2 protein chains.
Amino acid sequence: MGKTFLEVKTLRFLHTADWHIGKKLHGYDLLVDQKEIIHQILDIALTQQVDAIVIAGDLYDRSVPSVEACELLNQTFIEMNLEKKLPILAISGNHDSAVRLSTGMPWYEQTDFHLYTDLKQSFEPVEIGDVQFFLLPYFEPIAARLYFAEESLSLQAAIKKIIEKMRTAFDKNKKQVLVTHFFIAGSTRSDSETAVEVGGLNRISYELVQDFDYVALGHLHSKNALKTKNAFYSGSPLKFSLSEKDDSKGVWIVDSRSVAPEFHELVAKRDVCSLQASFEELTDPSFYQRMDRNCFWYFQLTDRSVITNMMNQLRAIYPNILGVERVNGRRETKQLEKVQHRKNTPYSMLTSFFEDITGDRLTKKQRDWLDEGLQQSLDTEKRNDDAT
Amino acid sequence: MGKTFLEVKTLRFLHTADWHIGKKLHGYDLLVDQKEIIHQILDIALTQQVDAIVIAGDLYDRSVPSVEACELLNQTFIEMNLEKKLPILAISGNHDSAVRLSTGMPWYEQTDFHLYTDLKQSFEPVEIGDVQFFLLPYFEPIAARLYFAEESLSLQAAIKKIIEKMRTAFDKNKKQVLVTHFFIAGSTRSDSETAVEVGGLNRISYELVQDFDYVALGHLHSKNALKTKNAFYSGSPLKFSLSEKDDSKGVWIVDSRSVAPEFHELVAKRDVCSLQASFEELTDPSFYQRMDRNCFWYFQLTDRSVITNMMNQLRAIYPNILGVERVNGRRETKQLEKVQHRKNTPYSMLTSFFEDITGDRLTKKQRDWLDEGLQQSLDTEKRNDDAT
């Protein structure tokens with residue numbers, strides 16, 4: 001950053017990405033969590049008095065988002081850009097439909113809301129304060145092959161040509177920021193990203209982007225996915241998989257005068273957590289009343305015995321369970337031999353089944369009920385036989 | 001129209017509706033036809049030097065339009081509003097998703113592109129020249145019940161309340177135009193509209209709208225659906241069903257100074273046509289070379305005999321066939337009796353089947369082929385029997 005530059009207004013911006021609006025986590029709808037976390041992002045933007053918000057792709061989770069997802073994103077843009085007057089610099093990611101997302105784009109420009117969804121748009125920088133923003137949306141190699149009229153062009157080669165072309169627009173009196181949505185080689189992935197790189201073909205060498213003052217990346221969901229001095233993944237604002245349970249989620253605040261961006265944490269309404277415990281502990285009020293029962297829980301159960309109706313019992317206490325794992329394995333239930341069944345009476349079969357499953361013996365009262373029930377069923381059977 | 005009004009600029013606008021972008025006609029993609037017809041609409045707007053374009057709902061054919069449909073509508077709006085600087089007054093119809101269509105709306109307002117998709121927006125008129133436009137999108141009765149906080153409100157009663165409320169904003173020095181998308185009682189339907197009125201509940205009395213200087217209607221696809229002095233359906237710009245084959249399609253040009261609107265015709269790239277003829281005529285080059293083979297043809301075939309591979313033969317000449325009807329019925333083919341088949345040889349069965357279907361006898365060459373084929377199949381059967 002050793003450039004000398006004219007006295008233009010310096011710039012402070014917020015970098016976020018991978019909102020994946022409309023995403024479901026193990027079937028749970030995240031829309032309320034997403035709405036809440038976006039408000040936290042806006043709050044940070046206002047408190048930190050940023051001059052712009054950068055969103056590096058994957059605004060939606062699907063190319064055809066639900067009506068509710070559309071409503072949330074539309075409302076978010078209205079609030080950020082029209083009400084709070086914050087410029088927005090956004091690109092489409094591999095989860096977005098470029099065409100659908102681009103609806104309204106040319107009108108957005110009037111209020112400094114720049115939403116780029118097409119490779120062709122990326123060469124002309126958006127200039128705000130002392131920064132030139134180059135907005136390079138996610139694209140498939142075929143788009144670059146068509147644009148450059150070259151039949152075989154790898155993604156890596158395409159990005160190289162694109163950056164060379166961008167470079168011709170570099171103003172040496174300004175800082176250059178690249179906003180993009182790709183996998184930078186050497187990054188670490190988590191479980192919630194869709195692998196767009198097949199056999200390494202869709203990886204980009206870090207060297208290609210090293211000359212930008214800042215690279216605002218989207219695609220990988222952990223802020224620690226890449227360790228460089230100028231290129232950062234913001235990560236997703238929420239945890240989208242169990243592998244992210246220990247991540248801290250947040251946004252970067254970047255100041256064109258300073259060397260390193262600052263990370264500002266976001267706090268999810270419902271966190272993704274895991275815990276090792278016994279069923280008895282998990283269902284003990286004195287235990288669970290001290291816990292955040294609303295989290296997306298993943299339990300590592302220490303019990304080995306069969307627990308009847310286990311998931312429903314746990315869900316009654318922890319409504320958002322992601323899964324349960326038996327860390328000590330499961331006790332083998334006795335092999336039920338078919339042949340033997342024929343010899344057993346219904347009564348003995350039912351009592352031994354109960355013992356196998358619960359590990360307990362029937363009480364006197366239960367044995368009486370069983371007797372009574374079997375007798376009734378036998379009577380009904382007889383009556384039916386008489387009737388035919 | 002006997003009002004006295006101040007010297008404000010008079011207004012000339014184009015009224016269209018029911019574009020149904022993305023619609024398919026009997027499986028045929030209409031996107032190219034729609035693109036072309038929208039250009040004709042724009043051409044008329046420019047030639048007629050209108051001050052605004054009114055689109056009375058059903059811009060898309062489906063709540064989730066295809067990417068190609070989105071692209072066409074996005075591009076159309078850019079051309080009309082941003083490039084040609086024409087104000088647009090549009091509402092959503094029953095085929096549109098109000099939320100999806102509303103994307104970008106608040107930004108559009110900056111360039112006099114008013115796209116209303118919510119009942120709540122309809123009470124504040126858009127004023128251009130000497131006209132107050134009230135834009136009332138299609139809505140379900142539940143939306144009105146919620147808005148007016150009345151538990152049971154019929155559509156008719158809701159519209160009455162809405163228009164009463166609109167009336168409080170009427171400026172007596174201006175003309176009032178209502179843009180809406182409903183079924184006005186007494187209108188005639190064609191086959192391509194989705195019936196939104198069930199048991200008459202969703203019909204609106206014409207009396208409710210009679211006080212507007214002009215009512216720009218959408219929903220019904222024929223411009224002749226309603227006969228009043230001030231309320232007009234523009235109809236769809238293309239024929240979307242066979243029942244519309246004799247309709248003339250077009251747009252209304254409305255001038256705030258004149259009493260009656262003028263109809264301007266549109267000419268479809270591929271018309272919907274029907275014709276009564278024999279198969280021989282239809283496949284005779286001297287006949288079909290004089291016809292517009294590219295039309296969406298519906299043929300009323302005079303032949304009674306079975307015609308082998310008929311549809312493929314016709315499609316080779318007329319690529320866009322909607323259907324074929326046998327106006328004189330079809331000659332009965334001989335009843336094939338099951339019992340008799342057992343007595344027949346494969347050879348006699350095949351020859352008589354051929355005669356039944358084609359009305360011709362087998363030629364010598366065909367009989368030889370048949371003999372040969374049957375012999376081969378018999379040989380194969382024997383070999384298989386020997387092998388087992």
Side-chain angles (χ1 to χ4, degrees), chain A residues 21-22 31 35 59-90 92 94-118 120-121 137-140 142-143, chain B residues 21-22 31 35 59-90 92 94-118 120-121 137-140 142-143:
Chain A
I21 296 179
L31 217 63
K35 188 173 182 175
L59 287 83
Y60 286 123
D61 190 52
R62 297 179 356 201
S63 60
V64 183
S66 69
V67 163
E68 293 73 24
C70 289
E71 204 155 25
L72 176 54
L73 190 62
N74 287 350
Q75 203 45 51
T76 298
F77 286 153
I78 289 172
E79 217 173 317
M80 286 185 168
N81 183 247
L82 292 183
E83 295 171 11
K84 302 300 179 191
K85 312 287 181 200
L86 279 165
I88 301 176
L89 303 121
S92 46
N94 55 307
H95 277 249
D96 302 303
S97 153
V99 169
R100 289 181 199 279
L101 193 66
S102 76
T103 301
M105 190 273 277
W107 284 267
Y108 299 151
E109 297 273 314
Q110 304 168 97
T111 54
D112 251 330
F113 171 11
H114 310 275
L115 174 58
Y116 287 15
T117 60
D118 190 328
K120 285 195 282 289
Q121 303 165 318
Y138 174 82
F139 61 86
E140 298 288 340
I142 181 70
Chain B
I21 297 179
L31 218 62
K35 187 173 182 176
L59 286 84
Y60 286 122
D61 190 53
R62 297 182 353 202
S63 61
V64 183
S66 70
V67 163
E68 292 73 23
C70 289
E71 205 156 23
L72 176 53
L73 190 62
N74 287 350
Q75 202 47 49
T76 298
F77 285 154
I78 289 172
E79 216 172 320
M80 286 186 168
N81 183 248
L82 293 182
E83 293 171 12
K84 302 300 179 191
K85 312 285 181 202
L86 279 165
I88 301 176
L89 302 121
S92 46
N94 55 306
H95 278 249
D96 302 303
S97 155
V99 168
R100 290 181 199 280
L101 193 66
S102 77
T103 300
M105 189 271 278
W107 283 266
Y108 298 151
E109 297 274 314
Q110 305 169 96
T111 54
D112 250 331
F113 171 13
H114 310 277
L115 174 59
Y116 287 15
T117 60
D118 191 328
K120 286 195 282 290
Q121 303 165 318
Y138 173 80
F139 61 86
E140 297 290 340
I142 182 68

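Everything numeric in this text was worked out from a predicted model, so none of it was measured. Note on naming: letters A, B, ... go to the chains in the order of the sequence lines (proteins, then strands), and numbering restarts at 1 for each one.
Using a 4.5 Å cut-off between heavy atoms, B:Ser97 contacts chain A through its side chain alone, with no backbone atom that close. In this structure, chain A has a heavy atom under 4.5 Å from the side chain of B:Phe113, while its backbone stays farther away.
Scanning all heavy atoms of the two residues, the minimum distance from A:Asn81 to B:Trp107 falls at OD1-NE1, 3.0 Å. Among all heavy-atom pairs drawn from A:Thr103 and B:Asn74, the shortest one is OG1-ND2, 3.0 Å. Counting all heavy atoms, side chain and backbone alike, B:Cys70 lies closest to A:Arg100 at SG-NH1, 3.8 Å.
Most heavy-atom pairs under 4.5 Å with chain B, from the set A:Ser63, A:Ala98, A:Pro106, A:Ser102: that is A:Pro106. Of the listed residues B:Thr111, B:Leu82, B:Val67, B:Val64, the one with more heavy-atom pairs under 4.5 angstrom with chain A than any other is B:Leu82. Among the candidates B:Glu71, B:Glu68, B:Gln110, the residue making the largest number of heavy-atom pairs closer than 4.5 Å to chain A is B:Gln110.
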